[in-house]
Amino acid sequence: MEFQIIWFVLWSVLWAVYFMLDGFDFGAGMLQSMIGKTDTEKRMIINSIGPVWDGNEVWLITAGGATFAAFPTTYALMFSFLYSAMLLILFALILRGVAFEFRSKKDSSAWKKGWDWVIFLSSLSLALLFGVAFGNIFKGLPMDASGYHGSLLYLLNPYGVFTGIFFVLLFAEHGALRLSIKTEGGPRVRAQGISRLLWPLLVLITACFLIYTKFATHLSANYFQHPVWSIVPVLAVLSLAGIRLFLSWKDYSKAFYASCALIVTVIFTGVIGLYPSLIPSDIDPNYSLTIFNSSSSIYTLKIMTVVALIFMPLVILYQIWIYGIFKQRVSAGDLEKDDDAY
C-alpha cells in the first residue's frame, strides 16, 4: 500500500477523533446557559468537560502536525490561503480556554456572566468555523497556477455556511447527550429534553446537507466509482437513527455513543469523497492538492509510520484511562468538595 494512502487514512482518523471528542465540548459550551439556570448548575456543566477538554485538543494539534509532516505543501498553502480563517479559529480556541479558567476567579455575577458569553460565543464560533472550513474543502477552493483567488468573505459561500450550520447542530446534539450522562439534577433533565428537541432538526439539516453536497461538490464521484464505500454514509444514517432509538429507550449513554459514531462516519463520508485530494481546486482539478503531489518523501513517511505505530496506541490508552477516571457524574456536592473545581 502507498504510504501516502496510509497517512491520508491517519489524517482522516485524527480529524474524526478530534471532532468526536472536542465536539461535545463545543456543544456543552453552546448549551451552557440553556441547560444551567444557576451559577452552580453552570459550574456543573463546565466541570463535566473540565478534566478532558484540553486533552481533547491534543488531537487537533496532532492533526495539524500530521498535515505538516506528511503533506507539507498542503500545510503551507492552507495556512497561506486561509490565514485569516485559521487565526479566527485560533483566537476562539484561546478565548474559550481562558474563559474556563477565569470564570471562577472572581465572585461577581457580572464577571461570570461576561465569561459565560465568551464560552457560548467561542464554542459556537468554533463549531461554525470548522464547518465552514470543511465545507469549503469539500467544495474546493479557487486555485490555479497563479495561486489562490479567494478571500475570507469568499469562504462564507452558501455551501460553506450551510456546512457550518450543520456542524453547529451536530455538536449541539452531541453536547446535550454528553451532559445527559455527565450531570445530575436539573442540568441532566434539561439536557435530555434538549437532545430530544434537537434530533428532528438535525435530521432535517442532515438530509438537506446530503442533497446540497450532491450538487455543490464532486464528493459523490468516488462513491459511484466504488459503491462499496457507500457503507460509510449508510452507517452515518444508521447512527443518526440509533440516536433516536436510544433516546426513546432513555438510554442516553448508548445515544451518546451513537452520536460519536455519527460524527466519525460523517467526517469519513467527506474524506472518502475527497480522495485523493486534500484541497481540491474548483477552477481546474489539475491544480488540486492531492496526497501524491503534496506529500513528504517516502522515506519520511516510512519513519513517521513507525513512530505513529509506537506512540499512537500509548496516546489512545492514556485517554481511555483519563476518561475512566473521570467517568462519574458531576453533582453540586462535588463542586463543594473540590477546591480546584472551575
Side-chain angles (χ1 to χ4, degrees), residues 12 15-16 18-20 22-24 26-27 30-31 34 85 89 123-142 150 153-178 193-224 227 229-248 255-256 258-275 277 279-280 282:
S12 306
W15 278 112
Y18 170 66
F19 286 132
M20 179 184 73
D22 223 15
F24 66 72
F26 298 156
M30 287 187 281
L31 298 173
M34 294 178 62
I89 290 175
S123 299
L124 175 64
S125 298
L126 285 166
L128 183 65
L129 287 170
F130 274 120
V132 170
F134 271 77
N136 277 278
I137 290 174
F138 294 156
K139 176 181 175 292
L141 296 179
L153 290 178
Y154 172 85
L155 299 177
L156 299 178
N157 56 74
Y159 181 74
V161 172
F162 194 86
T163 307
I165 294 171
F166 173 55
F167 270 45
V168 168
L169 284 172
L170 189 64
F171 294 152
E173 176 72 7
H174 199 43
L177 290 170
R178 178 67 177 176
I194 288 175
S195 66
R196 290 192 292 271
L197 288 173
L198 284 175
W199 186 84
L201 185 57
L202 179 58
V203 171
L204 175 62
I205 294 297
T206 301
C208 293
F209 175 72
L210 290 174
I211 296 170
Y212 198 176
T213 298
K214 171 65 175 68
F215 295 100
T217 75
H218 299 288
L219 297 184
S220 61
N222 278 346
Y223 291 98
F224 286 118
W229 289 113
S230 298
I231 187 64
V232 178
V234 169
L235 288 174
V237 173
L238 291 176
S239 299
L240 184 59
I243 293 174
R244 184 65 186 90
L245 176 65
F246 295 128
L247 285 175
S248 67
F256 174 71
S259 180
C260 290
L262 173 61
I263 291 174
V264 170
T265 50
V266 163
I267 298 301
F268 268 94
T269 296
V271 296
I272 289 171
L274 277 177
Y275 178 83
S277 295
I279 305 180
D282 65 357

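Heads up: numbering here begins at 1 and tracks the sequence.
- If you take CZ on Arg178 and SG on Cys260, they are separated by 8.0 Å, rounding to the nearest 0.5 Å.
- Side-chain contact between Ser12 and Ile267 is absent, with no heavy-atom pair separated by less than 4.5 Å.
- Rounding to the nearest 0.5 Å gives a distance of 9.5 Å between OG of Ser123 and CG of Leu31.
- A pairwise comparison of heavy atoms in Trp199 and Ala241 identifies CZ2-CA, 4.4 Å as the closest pair.
- When the side chain to side chain contact (heavy atoms under 4.5 Å, CB included) test is applied to Ala133, no partner is found at least two apart in sequence or on another chain.
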When the side chains of residues 163-177 are checked against the rest of the protein, which donor-acceptor pairs come out under 3.5 Å, sequence neighbours left out?
from	atom 1	to	atom 2	distance (Å)
Thr163	OG1	Tyr159	O	2.8
His174	ND1	Ser259	OG	2.7
His174	NE2	Met20	O	2.8

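- Taking all atoms of both residues into account, the shortest heavy-atom contact from Thr265 to Val232 is O-CG1, 3.6 Å.
- Residues satisfying the side chain to side chain contact (heavy atoms under 4.5 Å, CB included) criterion with Ala258, sequence neighbours excluded, are Ile243, Phe246.
- By the side-chain hydrogen bond (donor to acceptor under 3.5 Å, both in side chains) test, Asp22 is found to be paired with Tyr18, Arg96, residues two or more places apart in sequence or in another chain being considered.
- At least one side-chain heavy atom of Leu202 sits less than 4.5 Å from a side-chain heavy atom of Leu262.
- Proximity of the aromatic rings of Phe138 and Phe209 is defined here by a centroid distance below 6.0 angstrom, and this criterion is not met.
- Using the six-membered ring where Trp is involved, Phe130 and Phe26 have ring planes that are parallel, under 30° apart on the 30 and 60° scheme.
- Put simply, OG on Ser220 and CG on Leu210 are 11.0 Å apart, with the number rounded to the nearest 0.5 Å.
- Legend: residues meeting side chain to side chain contact (heavy atoms under 4.5 Å, CB included) with Val234, ordered by chain and number and at least two apart, are Leu238.
- Taking CG of Leu155 as the start and CG of Asn136 as the end, the distance is 4.5 Å to the nearest 0.5 Å.
- Qualifying side-chain hydrogen bond (donor to acceptor under 3.5 Å, both in side chains) partners for Asp282, counting only residues two or more places apart in sequence or in other chains: Lys139, Tyr154.
- Of all heavy-atom pairs between Leu219 and Leu274, the closest is CD2-N, 3.6 Å.
- Closest approach of Pro233 and Tyr223 over heavy atoms only: CD-CE2, 3.8 Å.
- Within the 4.5 Å cutoff, no side-chain heavy atoms of Thr269 are placed close to those of Trp229.
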